[in-house]
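Worksheet for the structure shown next.
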Amino acid sequence: MMFGFDKMFDFNGDGKLDNWERAAQFQFMEEMLSEDSRSSDYDDCDVFGDAGLDYDELEMMDPDERRGALEDAGLDPDEYDF
């Protein structure tokens with residue numbers, strides 16, 4: 001029986017992963033885990049840049065300090081997950 005992620009790669013629908021399907025699965029996983037493909041949830045949205053903030057710096061801040069920086073920039077701190 002196939003579950004979740006494996007089922008997504010059962011291209012021919014026979015209920016098992018053939019070698020080429022398994023190769024596609026591992027290639028996908030490798031791309032997802034590569035340094036170049038990882039990005040923060042907010043990379044596509046320049047909300048922080050427009051407010052004069054850097055996402056990476058915000059991510060490393062103490063939660064109270066981050067909350068203050070977001071509030072000072074006019075952003076709602078409860079709207080963002082860090």
Side-chain angles (χ1 to χ4, degrees):
M1 177 177 245
M2 298 179 69
F3 298 96
F5 195 69
D6 286 344
K7 196 170 190 174
M8 183 171 81
F9 287 92
D10 184 20
F11 300 118
N12 61 7
D14 64 358
K16 63 180 180 142
L17 291 183
D18 299 326
N19 286 339
W20 64 276
E21 291 169 326
R22 191 165 301 284
Q25 180 185 36
F26 285 112
Q27 180 179 355
F28 174 78
M29 289 170 47
E30 184 176 283
E31 289 173 11
M32 292 301 295
L33 296 173
S34 73
E35 185 71 32
D36 295 335
S37 68
R38 287 188 295 159
S39 64
S40 72
D41 294 339
Y42 304 107
D43 278 351
D44 295 333
C45 178
D46 203 23
V47 170
F48 299 114
D50 291 343
L53 301 171
D54 181 74
Y55 178 83
D56 293 330
E57 289 179 15
L58 286 169
E59 199 171 35
M60 289 189 257
M61 284 182 180
D62 174 69
D64 293 330
E65 188 178 319
R66 181 184 316 120
R67 178 175 270 289
L70 289 169
E71 287 173 349
D72 290 345
L75 300 173
D76 180 10
D78 298 325
E79 196 173 314
Y80 306 101
D81 293 328
F82 285 93

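Residues take their numbers from the sequence shown, with the count starting at 1.
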Look only at the side chain of D54 and the backbone of D56, and say whether a donor-acceptor pair between them is shorter than 3.5 Å.
yes

Using a 3.5 Å distance criterion without hydrogens, assess whether the side chain of E21 forms a donor-acceptor pair with backbone atoms of D18.
yes

What's the shortest heavy-atom distance between G15 and D10, and which atoms?
N-OD2, 2.9 Å

Compare every heavy atom of L53 with every heavy atom of A73, then report the nearest pair and how far apart it is.
CB-CD1, 3.7 Å

Using side-chain heavy atoms (C-beta onward) and a distance below 4.5 Å, is V47 in contact with Y80?
yes

To the nearest 0.5 Å, what is the distance between CD (Q27) and CH2 (W20)?
12.5 Å

What's the separation between atom CD in E57 and atom CZ in R66, rounded to the nearest 0.5 Å?
12.0 Å

Listed partners of E71 passing side chain to side chain contact (heavy atoms under 4.5 Å, CB included), at least two apart:
R67, P77

Should the ring pair Y55 and F48 be called parallel, tilted or perpendicular, given that the plane angle runs from 0 to 90° and is split at 30 and 60?
tilted

Surrounding CG of N19 (heavy atoms of other residues, nucleotides or ligands, distance under 6.0 Å), is the total greater than 12?
no

